[in-house]
Amino acid sequence: MHGTDSWNYHSYGPNPTIDPDDFRITRIVPHHDGFSISWSPALGERKYIVRWNDIEHGDEGSLLIDSTAAIITGLREGFNYRVVVSTIDGSLQTRPRVLRTSDVPGTVINYLHPKDDSFNFSGRFLASPSIVRLSNGRLLASMDVFSWHGGQNLTMIFSSDDAGETWEYLTELFPCFWGAMFVHRDALYMLAMTTEYGDLIIGRASDEGRSWSQPVTLFRSSANGDVGGLHKAPLPIVETHGCLVTAIDYGSWETGGFQQAIVSVPSDADLLDPDQWNLSKSCNPKDALLRNASIVGSGLEGNVVVGNDGIIHDMLRLQLGSESQHPSRALMLTVDPSLTSLSFEGTVPFNGGNNSKFFVLFDAQSALYWAVGNEIAGGDADARNILSLSCSKDLAMFENVHRIVDLSHGDPRYVAAQYPSCIIDGNDLLVVSRTAWNEADSYHNSNYITFHRVQDFRQYAR
């Protein structure tokens with residue numbers, strides 16, 4: 001076995017003595033009366049048998065398939081099924097997967113049942129969606145697999161060649177966590193962490209995202225929440241002041257919160273050269289917030305955005321207690337033009353700006369700032385069951401203008417559409433969501449990554 005010379009796997013296997021590109025189910029999507037399934041081909045095989053059984057009642061079925069994908073129908077809605085794929089002679093069989101039949105709001109990119117242990121080395125839940133559009137129109141969506149005290153180091157990438165109507169498994173990156181894909185100078189990159197509170201890394205892709213170079217380390221960290229470390233989600237990467245700029249945090253929940261910083265690199269630099277990257281001094285807005293007795297909280301997961309006056313801001317979720325009387329504001333920091341420091345600016349009205357990641361974009365055509373985040377409709381600052389579009393003329397206030405996903409009829413303890421990432425595609429806004437539905441482990445521990453197209457989104461401008 002030769003050493004690793006790339007970042008991607010098809011698929012990743014945690015045991016290096018076994019071929020990682022093994023015979024495996026790569027994507028499974030429940031429907032109300034069945035499921036869609038695809039798998040990696042077994043060497044020399046052209047026909048396969050898909051077998052499934054109702055876990056609670058023992059009912060079973062099978063289907064002979066002469067491809068590496070199948071759609072199974074005729075099953076009962078709201079039931080858990082176990083499924084495997086095998087070669088005709090039974091000499092090879094995939095690891096069993098688990099699913100629960102149900103429809104889901106939006107288009108499913110990927111699904112992982114909370115009791116499916118296929119990715120235990122990294123986690124059991126799907127998170128951190130990122131989306132990018134390539135020059136040929138192909139869409140790529142990425143997500144990682146997490147769980148508390150899990151390895152949290154696997155990212156999956158899926159592709160769509162029909163504007164998001166259907167999705168296919170493409171590849172996996174390891175180690176990769178909290179990753180954000182972006183295109184710069186016609187090249188595709190992934191800016192990510194090695195794991196929670198781990199090192200910040202970057203890699204470049206070829207052949208439309210299937211193959212990736214070995215990543216380079218930009219900044220080291222602790223990979224230990226007990227002492228704090230670097231923290232980032234898929235956040236906007238903005239080109240301004242001759243640089244690519246994005247936000248990052250430092251700290252942990254265990255240490256009591258986070259400080260904020262900015263990562264930047266000259267636009268014309270070799271992005272794979274660590275010497276070209278810079279990390280600003282950190283800013284701790286918590287002290288300033290504590291001076292306002294009515295707002296007690298801290299910031300996390302900031303969006304770099306340039307104001308109409310050219311000032312660079314870091315707009316963050318304002319993490320508040322569930323009993324807070326101010327659940328409809330976001331935190332705003334000012335970034336020094338040198339990109340070396342940040343300072344506390346204040347808070348701005350934004351129903352969707354607290355206790356959950358949101359995503360902000362500036363749209364030159366409408367000359368408006370657009371944000372997607374979790375609207376609070378019932379007074380519960382922790383609820384993430386309404387994903388809404390908001391807009392602002394000047395960053396002074398954001399107004400909710402359209403609900404993209406409304407799951408308010410579901411139990412907020414187990415239902416969510418959250419952690420959006422977005423891109424503008426012509427007249428439409430494309431959104432990927434970390435979605436908890438169909439008996440997820442909890443609202444936080446989501447089992448879906450879903451795709452949503454907001455058609456003619458500028459019609460909602462106010």
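The side-chain heavy atoms of Ile109 and Met143, taken from C-beta on, include a pair separated by under 4.5 Å. With a 4.5 Å cut-off on side-chain heavy atoms, Val245 and Ile237 do not count as touching. Within the 4.5 Å cutoff, side-chain heavy atoms of Val372 are placed close to those of Leu429.
Here the side chain of Ser122 pairs no donor or acceptor atom with the backbone of Phe146 at under 3.5 angstrom. Distance alone, capped at 3.5 Å, is enough to place a donor-acceptor pair between the Asp428 side chain and the Asp456 backbone. Side-chain atoms of Asp309 come within 3.5 Å of backbone N or O of Ile311 as a donor-acceptor pair. At distances below 3.5 Å, at least one donor-acceptor pair connects side-chain atoms of Ser252 with backbone N or O atoms of Gly225. Of the possible polar contacts, none joining the Thr255 side chain to the Val227 backbone as a donor-acceptor pair under 3.5 Å is found. For the pair Arg27 (side chain) and Phe158 (backbone), a donor-acceptor distance under 3.5 Å is absent. Put simply, the side chain of Asn438 never gets that close to the backbone of Val104: no donor and acceptor are under 3.5 Å apart. Between the Ser130 side chain and the Pro234 main chain, no donor and acceptor come within less than 3.5 Å of each other. A distance-only check finds a donor-acceptor pair linking the side chain of Ser221 to the backbone of Tyr197 [under 3.5 Å]. With hydrogens and angles disregarded, no donor-acceptor distance shorter than 3.5 Å links the side chain of Asn110 to the backbone of Tyr448.
Donor-acceptor pairing under 3.5 Å is recorded for the side chains of Ser356 and Asn374. Arg317 and Gln319 share a donor-acceptor pair across their side chains, judged by distance under 3.5 Å alone. With 3.5 Å as the limit, one finds no donor-acceptor pair spanning the side chains of Thr171 and Arg210. A donor and an acceptor atom, one from each side chain of His452 and Thr450, are located under 3.5 Å apart. Using modelled atom types, one finds a donor on one side chain and an acceptor on the other under 3.5 Å when comparing Asp382 with Asn355. Side-chain contact check for Arg413 and His444: no donor-acceptor pair (N or O, by modelled atom type) lies under 3.5 Å. Between Asp144 and Ser128, the side chains place a donor N or O and an acceptor N or O closer than 3.5 Å (distance only, hydrogens not considered).
The minimum heavy-atom distance between Trp277 and Leu218, with the atom names listed, is CD1-CD2, 3.5 Å. Between Ala440 and Asn447, the shortest heavy-atom distance links the atoms CB-OD1, 3.6 Å. Heavy-atom minimum distance, Leu272 versus Tyr189: CD2-CE2, 4.3 Å. A pairwise comparison of heavy atoms in Asn400 and Ser390 identifies ND2-OG, 2.7 Å as the closest pair. When all heavy atoms of His313 and Thr334 are compared, the pair lying nearest together is ND1-OG1, 4.4 Å. In terms of heavy atoms, Arg458 sits closest to Asn427 at NH1-OD1, 3.3 Å.
Residue pairs satisfying the salt bridge (charged side-chain N to carboxylate O under 4.0 Å, His left out) criterion with at least one member in residues 246-275, sequence neighbours excluded, are absent. Listed by first and then second residue, the salt bridge (charged side-chain N to carboxylate O under 4.0 Å, His left out) pairs that reach into residues 395-405 are Glu375-Arg403, Glu399-Arg462, Arg403-Asp406, sequence neighbours excluded. Pairs engaging residues 406-436 under the ring-ring contact (aromatic ring centres under 6.0 Å, His included) rule: His409-Trp437 [sequence neighbours left out]. For residues 334-358, no residue pair satisfies the salt bridge (charged side-chain N to carboxylate O under 4.0 Å, His left out) rule, not counting sequence neighbours. The list of ring-ring contact (aromatic ring centres under 6.0 Å, His included) pairs with a residue in residues 370-389, not counting sequence neighbours, reads Trp370-Phe457.
With sequence neighbours left out, the side-chain hydrogen bond (donor to acceptor under 3.5 Å, both in side chains) criterion links Thr4 to no other residue. Checked against side-chain contact (heavy atoms from CB on, under 4.5 Å), Val238 has the following partners two or more places apart in sequence or in another chain: Pro236, Thr240, Val304, Val306. Partners of Ser282 according to the side-chain hydrogen bond (donor to acceptor under 3.5 Å, both in side chains) rule, which considers only residues two or more places apart in sequence or in another chain, are Gln259. A search for side-chain contact (heavy atoms from CB on, under 4.5 Å) contacts involving Glu165 returns Asp162, not counting sequence neighbours. With sequence neighbours excluded, the residues forming a side-chain hydrogen bond (donor to acceptor under 3.5 Å, both in side chains) with Ser36 are His31, listed by chain and number. Legend: residues meeting side-chain contact (heavy atoms from CB on, under 4.5 Å) with Ser267, ordered by chain and number and at least two apart, are His184, Arg185, Glu239. With sequence neighbours excluded, the residues forming a side-chain contact (heavy atoms from CB on, under 4.5 Å) with Thr195 are Gln152, Ala223, listed by chain and number.
The number of heavy-atom neighbours closer than 6.0 Å to CD of Gln214, taken from other residues, nucleotides and ligands shown, is above 12.
Taken to the nearest 0.5 Å, the CD1 atom of Ile312 stands 9.0 Å off from the OG atom of Ser338. In this structure, OG1 in Thr155 is found 8.0 Å from CZ in Phe177, a value given to the nearest 0.5 Å. Separating the CE atom in Met190 from the OG atom in Ser213 is a distance of 11.5 Å, to the nearest 0.5 Å. Atom CZ of Phe359 is separated from atom SG of Cys422 by 6.0 Å, given to the nearest 0.5 angstrom. To the nearest 0.5 angstrom, Met315 atom CE is 10.5 Å from Thr347 atom OG1. Summarising the geometry, atom CG belonging to Leu191 is positioned 8.5 Å from atom CD1 belonging to Ile201; distances are rounded to the nearest 0.5 Å.
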Next on the checklist: Quick one, Glu208 with Asn136, criterion side chain to side chain donor-acceptor pair (under 3.5 Å). Give me CA distance, side-chain angles, the key distance, then yes/no.
Outcome noted: CA-CA 9 Å; Glu208 300 179 344; Asn136 64 357; 2.4 Å; yes
Checklist entry - Step by step, would you call Asp116 with Arg124 a side-chain contact (heavy atoms from CB on, under 4.5 Å)? => result CA-CA 7 Å; Asp116 190 333; Arg124 289 199 177 210; over 6 Å; no
Next on the checklist: Would Arg97 and His113 count as a side-chain contact (heavy atoms from CB on, under 4.5 Å) here? Give the steps.
Outcome noted: CA-CA 8 Å; Arg97 298 292 304 272; His113 192 285; over 6 Å; no
Checklist entry - Passes side-chain contact (heavy atoms from CB on, under 4.5 Å), Ile449 versus Arg434? Steps please. => result CA-CA 5 Å; Ile449 300 295; Arg434 166 180 147 191; 4.3 Å; yes
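The distance between the ring centers of Phe258 and His231 falls below 6.0 angstrom. Within the 6.0 Å centre-distance limit, the rings of Tyr12 and Phe121 are counted as a close aromatic pair.
Between Lys115 and Asp441, none of the side-chain N atoms (NZ, or NE/NH1/NH2) sits under 4.0 Å from a carboxylate O, so this pair counts as no salt bridge.
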